[in-house]
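Have a look at the structure below before the remarks.
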Amino acid sequence: MLSLAKRTESLTPSYTIGISMKVAELREQGKHVINFSVGEPDFNVPEKAKEEAITAIRENRTKYDKVPGLVPLRKAICEKLQQENHLSYEPEEIVVTNGAKQAIMNTLNALVDPGEEVLVPVPYWVSYPEMIKLCGGVPVFVYPKDHKDYKICAGDLEPYVTEKTKLLFLNNPSNPAGALYDKKELEDIAAFCLEKQIYIMSDEVYERFCFDGTYTSIGSLSREIRDMTVLVNGLSKAAAMTGLRIGYTASTKKIASAISAMQGHLTSHPATISQWAAYEALKDCKDEINAQLEVYRKRRDLAMKYLDQMDKITYIRPGGAFYVFINAGAYREAFKGAGSFSVAFCDRLLEREGVAAVPGIAFGMDDYFRISYALGTEELEEGLQKIGSFIKSL
Ligand SMILES: Cc1ncc(COP(=O)(O)O)c(C=O)c1O
């Protein structure tokens, strides 16, 4: 009998796609569903970026181009990194990718050999473990001793390091918890990785969504740290360009050329039209994007106001991103014998109240569920009220 490759067998099915399908089914049946499960801005691509993409098509800027990305775009990325993150990169150190997802896969393929270990702090973004497994690496889950702020420190990492440890995944601010690391916390992690000679993949896709304090990019701490870090970012979240699929890595020239050589065989470069839209978003759309951030901040505050009124529900104030990761473990009793608590909790929430959220098990913590507040204010309030009545009913 013909079989599939072994690597397909170890993949965990995506909980988020499962939920989206349930939401679509309910909506097809005419039911009103409030969808807190999507990790996507509800804004549209900035106007000038749209115009630039349309002009690029009209002007036939549609041929094959440089594998690591259009030169003007890579220059614009370098300017952004310099101005906003105090990081000095040259265009040869940037590789533009099909979304941040490809940037992460490229990083893994460039740095991790089969059997080598990658440290993944819990809770983690759903795709990290699967991506690591796909490239033959071994995800090693790091459980912070003190879960109260969903952040790791050097002391948390220490027990998980072996001679096979190659890379640390750091997501700042984080999905699902919105945990935001400050400079001091990053210094502690950076010093540890430097001492142990562990690369850092710094996933900064939510970096613009920073509500409390100023954002620090770990590579900006010193030249040594910058050189052992692959910074991953993109325009999906920051410029509401999810469907245009533009991400990038910033790394040393050595790593960038390895990534570029691989990407050349796999996808060449992302669509030139999307790259021109990204160029314009970085150059000229800052005001439009910054105005969106204020809206997100208000929504976060609104979400916290409602959650604070719910009995036995806990969460950590999210300093960034657009999610709240909520501990509902006090209600486990009401779902006894149902297998995964968070899956049963989210299923019942969807059936009873028409509210879709993502079970915490998808992020490695089964007492929790995640909501995204990238929703219009009215819908956000209605959904939170419904979560409130659901909690009361348990
Ligand atoms: C933490 C994190 N990294 C990377 C990505 C992927 O972003 P992109 O859509 O640019 O591939 C996501 C998307 O949800 C994310 O949450």
Side-chain angles (χ1 to χ4, degrees), residues 14-17 19-20 35-43 45 49 69 73 77 80 94-108 118 120-132 134 139 150-152 167-181 200-210 215 217-218 229-250 259 263 266-267 269-271 274-275 277-278 281-282 289 296 318-325 357-358 360 362-364 370-374:
S14 165
Y15 287 101
T16 36
I17 291 176
I19 294 155
S20 305
N35 195 356
F36 280 130
S37 73
V38 241
E40 176 166 63
D42 57 324
F43 290 98
V45 173
L73 174 57
I77 291 168
K80 178 252 180 268
I94 308 296
V95 182
V96 183
T97 56
N98 290 284
K101 276 186 175 163
Q102 192 191 10
I104 300 168
M105 275 309 277
N106 282 350
T107 307
L108 282 162
V118 181
V120 182
V122 181
Y124 47 77
W125 177 48
V126 281
S127 293
Y128 287 161
E130 309 312 312
M131 287 172 156
I132 296 165
L134 275 174
Y150 314 109
K151 288 192 259 187
I152 46 128
L167 175 65
L168 164 69
F169 270 21
L170 191 72
N171 182 205
N172 181 31
S174 79
N175 176 6
L180 182 66
Y181 287 83
I200 300 166
M201 189 285 292
S202 181
D203 180 344
E204 307 189 0
V205 296
Y206 296 102
E207 152 254 354
R208 283 240 166 117
F209 302 84
C210 170
Y215 184 76
S217 177
I218 193 162
T229 298
V230 179
L231 180 153
V232 168
N233 204 339
L235 280 293
S236 298
K237 316 286 175 175
M241 283 176 40
T242 42
L244 274 71
R245 311 302 304 130
I246 296 294
Y248 57 86
T249 51
I259 286 179
Q263 182 164 296
L266 296 174
T267 57
H269 53 76
S274 295
Q275 293 195 63
L282 285 170
I289 293 169
Y296 282 105
F322 42 70
Y323 308 105
V324 195
F325 199 44
V358 186
F363 312 99
R370 186 199 76 179
I371 61 164
S372 154
Y373 51 84

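Position 1 is the first residue of the sequence, and the numbers go up from there. Whatever order the structure lists ligands and atoms in, that order sets their numbers, starting from 1. As a basis for the values below, the full set of heavy atoms in this structure was taken, side chains included, without hydrogen atoms, waters or symmetry mates.
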Contact atoms of ligand 1, heavy-atom distance to [X] under 4.0 Å:
| X | result |
| --- | --- |
| R245 | 8 (P), 9 (O), 10 (O), 11 (O) |
| Y206 | 1 (C), 14 (O), 15 (C), 16 (O) |
| G99 | 10 (O), 11 (O) |
| S236 | 8 (P), 9 (O), 10 (O) |
| N171 | 1 (C) |

Nearest non-hydrogen protein atom, [atom]:
| atom | result |
| --- | --- |
| atom 14 (O) of ligand 1 | K237 NZ, 2.6 Å |
| atom 7 (O) of ligand 1 | A100 CB, 3.6 Å |
| atom 12 (C) of ligand 1 | W125 CZ2, 3.3 Å |

Practice prompt. Can you see which heavy atom on V205 is nearest to which on K237, and at what distance?
Written response: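 Where V205 meets K237 most closely, the heavy atoms are O-CB, 3.7 Å.
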Practice prompt. Specify the closest pair of heavy atoms between F322 and E40, including all atoms of both residues, with the distance to one decimal.
Written response: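 In terms of heavy atoms, the two residues are closest at CE1-N, 3.9 Å.
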Practice prompt. Using modelled atom types only, decide if a donor and an acceptor are shared between the side chain of T242 and the backbone of S236 within a distance under 3.5 Å.
Written response: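 Checking the backbone N and O of S236 against the side chain of T242, no donor-acceptor pair under 3.5 Å is found.
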Discussion item. Donor-acceptor pair, distance only, cut-off 3.5 Å: does the side chain of Q275 make one with the backbone of P270?
Written reply: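 A pair under 3.5 Å: yes.
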Practice prompt. Using distance alone, decide if ligand 1 has a nitrogen or oxygen within less than 3.5 Å of any nitrogen or oxygen in G39.
Written response: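 Between G39 and ligand 1, no N or O pair is found under 3.5 Å apart.
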Fill in: Best match, N172, D203, V126, N175: closest heavy atom to atom 2 (C) of ligand 1
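Among N172, D203, V126, N175, the closest heavy atom to atom 2 (C) of ligand 1 comes from D203.
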Worksheet item: Do any heavy atoms of V205 fall under 4.0 Å from ligand 1?
Response: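 In this structure, V205 qualifies as a contact of ligand 1 - some heavy atom is under 4.0 Å.
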Discussion item. Once rounded to the nearest 0.5 Å, what's the spacing between atom CD1 of I104 and atom OG of S127?
Written reply: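 The distance works out to 7.5 Å.
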Practice prompt. With sequence neighbours excluded, tell me which residues meet ring pair (Phe, Tyr, Trp, His ring centres under 6.0 Å) with Y124.
Written response: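 Expected list: F141.
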Item to complete: Taking the six-membered ring for Trp and the full ring for Phe, Tyr or His, determine whether the centres of Y323 and Y206 are under 6.0 Å apart.
Response: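 Between Y323 and Y206, the centre distance is under 6.0 Å.
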Worksheet item: Are Y296 and F43 close enough that their ring centers fall under 6.0 Å?
Response: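 Under 6.0 Å, so yes.
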